[in-house]
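Notes to accompany the following structure.
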Amino acid sequence: MEAGTKTIVDEVNGDSGKAVSVLRFSGDISSSSRDAVLGAYGKVAKDRPVLLDFSRVDYINSSGIALVIQLMMEANKSGQTICAFGLTPHFQKVFTMVGITKYARLYPDEQTAKATV
Amino acid sequence: MEAGTKTIVDEVNGDSGKAVSVLRFSGDISSSSRDAVLGAYGKVAKDRPVLLDFSRVDYINSSGIALVIQLMMEANKSGQTICAFGLTPHFQKVFTMVGITKYARLYPDEQTAKATV
Amino acid sequence: MNEIKDTAVEVRLPSRLGFEKIAMGTAASVAKLMGFPEDRIQDLKTAVAEACINAIEHGNHMDESLSIGVILSATDDSLEVKVIDEGGGVSERPHSPDIDRKMHGEEEARGMGMFLIEALVDEAEWVKGSKGNNSYVRLVIRLNKEGC
Amino acid sequence: MNEIKDTAVEVRLPSRLGFEKIAMGTAASVAKLMGFPEDRIQDLKTAVAEACINAIEHGNHMDESLSIGVILSATDDSLEVKVIDEGGGVSERPHSPDIDRKMHGEEEARGMGMFLIEALVDEAEWVKGSKGNNSYVRLVIRLNKEGC
Ligand SMILES: Nc1ncnc2c1ncn2[C@@H]1O[C@H](COP(=O)(O)OP(=O)(O)O)[C@@H](O)[C@H]1O
Ligand SMILES: Nc1ncnc2c1ncn2[C@@H]1O[C@H](COP(=O)(O)OP(=O)(O)O)[C@@H](O)[C@H]1O
């Protein structure tokens, strides 16, 4: 009875023309989302920025946030930039509370995020 | 702890130029909405059509529907036309089930409703 | 009210009009978790609301010291909802509402709750409590079936 | 779990992850009925979800034969929520999460639930059950007060 997380991996170009990977999550981000978050991240190229698209996610709990932090940890090791967009104001606040914004910028939507990479 | 019904009475013109009264409901339509439904209807002129605007209503129960039927009954006596708009597909179905559509037409939005009077 | 199954969800509410909206919210969450489509969730919400209103008004006669129970039991492809009150249950099944008779003042404007419940769900059954209390209405809504 | 007040709403859920979303739906409905603004309803939903997840995971150790109880009691201007499990309660209050330590692998990525609960509501208190069970966390969220 859990809404499984789905992740689509997209390749787009930032406004500078640079290739960017986008992980588009949908469903819930919870303890059962390990594959959808870390598994999907494991498959993207390490030489370009990664955008996390939360616009089709409506439930994120602290176990899900922990998976996002683990993803950021791995990215940090290889010096890869991570940004996120599509979070509701509530989850922007929650991500800020736990300190995620120290390591990943949050943008309101995909366009704004792409303009920065 | 009940969301009181509010009713705004508006005067607009139909596409034919004819004056029309609009009862704009907001909040719940339930047993506690007698004044907001029948009281508000009592104040409008009897010589012109009346549109019921449900676009800012998100809860209607069978006691609320009974008040709408009582309003229609009064209108029927004086030969006044009643139309409704702004109901969700679910409540369009419910209004149809109880037979309201035999006595009042339902339109998707205000523009469509005004085009007919 | 102790017939709760392992994976059943139970809600208990005071007998106050308006509180049916809480049961609607809980039922909608269960149905969403089960993967019901939006239109069936709306059907369920209205049916649960009407059942709770009847339990509050006719079962418990608005006595706020009495509570109503809502038990939601999910199987793989259906959701059963029991709405339990502390009254004697439905004595006589009302006839279906007749809009023409209503419009001509020949029957009360009210009296559409049980009709709507039956029309919106796949199964509806009213059961009188054995000792003149704990009567309930039992609704079933199925996943792979179109409403009305 | 019998301390329910006249106008309190009680929900009982099986100890299965995912079911916290039902408690979120019920809590949101109560808060909406009380007139809470949307942003405070979101705060409440996350706090209730985290409390339920902890009750399911740490209190009842995912044993589906045990249930968790959520009691929602409204006053004019505040909503109190108790999330009750059948375990011994929180033994030691964890320190606040430190993102720098997490990013450097010096502390677990997890361990943010209690921190979020405290940050999102106006009062939070963890109470150990007297006989080693029926422990609960008690949250209070007030109507006329900005969150964090
Ligand atoms: N839970 C219940 N307990 C006792 N009687 C009930 C219950 N639910 C319905 N009834 C009876 O059935 C009648 C029809 O109910 P309903 O169709 O919902 O319309 P209404 O509530 O508007 O009268 C009620 O007037 C009442 O006499
Ligand atoms: N209901 C509970 N019963 C027993 N222990 C609990 C309960 N809630 C929290 N705890 C303890 O507090 C710790 C911290 O909880 P929390 O901040 O929510 O993070 P996490 O659940 O990710 O570990 C848990 O690991 C657990 O040891």
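Throughout, a chain's letter reflects where its sequence line sits, starting with A, and its residues are numbered from 1.
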- Message: Out of Ile65(A), Val98(A), Ile60(A), return the one with the most heavy atom pairs under 4.5 angstrom to chain D.
- Response: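 That would be Val98(A).
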
- Item | Side chain to side chain, His90(A) and Asp39(D), heavy atoms closer than 4.5 Å |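 They are not in contact (no side-chain heavy atoms under 4.5 Å apart), so the answer is no.
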
- Query: Does the side chain of Ile69(A) come within less than 4.5 Å of Met112(D)'s, by heavy atoms?
  - Reply: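 They are in side-chain contact.
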
Neighbour count >12 (heavy atoms, 6.0 Å) for atom [atom1], [X]:
| X | atom1 | value |
| --- | --- | --- |
| Asp47(A) | CG | yes |
| Lys46(A) | NZ | yes |
| Arg48(A) | CZ | yes |
| Arg105(A) | CZ | no |
| Gln111(A) | CD | no |
| Lys32(D) | NZ | no |

If every non-hydrogen atom of [X] is compared with every non-hydrogen atom of [Y], which pair is closest and at what distance?
| X | Y | value |
| --- | --- | --- |
| Met72(A) | Met103(D) | O-CE, 3.4 Å |
| Ser62(A) | Leu116(D) | CB-CD1, 4.3 Å |
| Leu17(D) | Ser31(A) | CD1-OG, 3.7 Å |

- Task: Hey, could you give me the CG/NZ distance between Asp28(A) and Lys21(D), rounded to the nearest 0.5 Å?
- Result: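 Taking CG in Asp28(A) and NZ in Lys21(D), the distance rounds to 3.5 Å.
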
- Taking atom CG of Leu120(D) and atom NZ of Lys93(A), what is their separation to the nearest 0.5 Å?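 If we round to the nearest 0.5 Å, Leu120(D):CG and Lys93(A):NZ are 6.0 Å apart.
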
- Side chain from CB out, backbone as N, CA, C, O: work out which of these in Asp98(D) comes under 4.5 Å of a heavy atom of chain A, or both, or neither.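 Neither part, no heavy atoms under 4.5 Å.
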
- Task: Name the region of Gln42(D), side chain, backbone, both or neither, that has any atom closer than 4.5 Å to a heavy atom of chain A.
- Result: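 When you check distances to chain A, atoms from both the backbone and side chain of Gln42(D) fall under 4.5 Å.
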
- Before giving the answer on side chain to side chain contact (heavy atoms under 4.5 Å, CB included), spell out for Met73(A) and Lys102(D) the whole-Å C-alpha distance, their side-chain angles and the decisive distance to 0.1 Å. CA-CA 8 Å; Met73(A) 230 175 106; Lys102(D) 282 190 199 300; 6.0 Å; no

- Message: I'd like to verify something: which residue of Ile53(D), Thr46(D), Asp100(D) has the highest number of heavy-atom pairs under 4.5 Å with chain A?
- Response: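 So the answer, after comparing Ile53(D), Thr46(D), Asp100(D), is Asp100(D).
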
- Query: Yes or no on side chain to side chain contact (heavy atoms under 4.5 Å, CB included) for Tyr59(A) and Lys45(D), after CA distance, side-chain angles and deciding distance?
  - Reply: CA-CA 10 Å; Tyr59(A) 174 57; Lys45(D) 282 172 77 174; over 6 Å; no

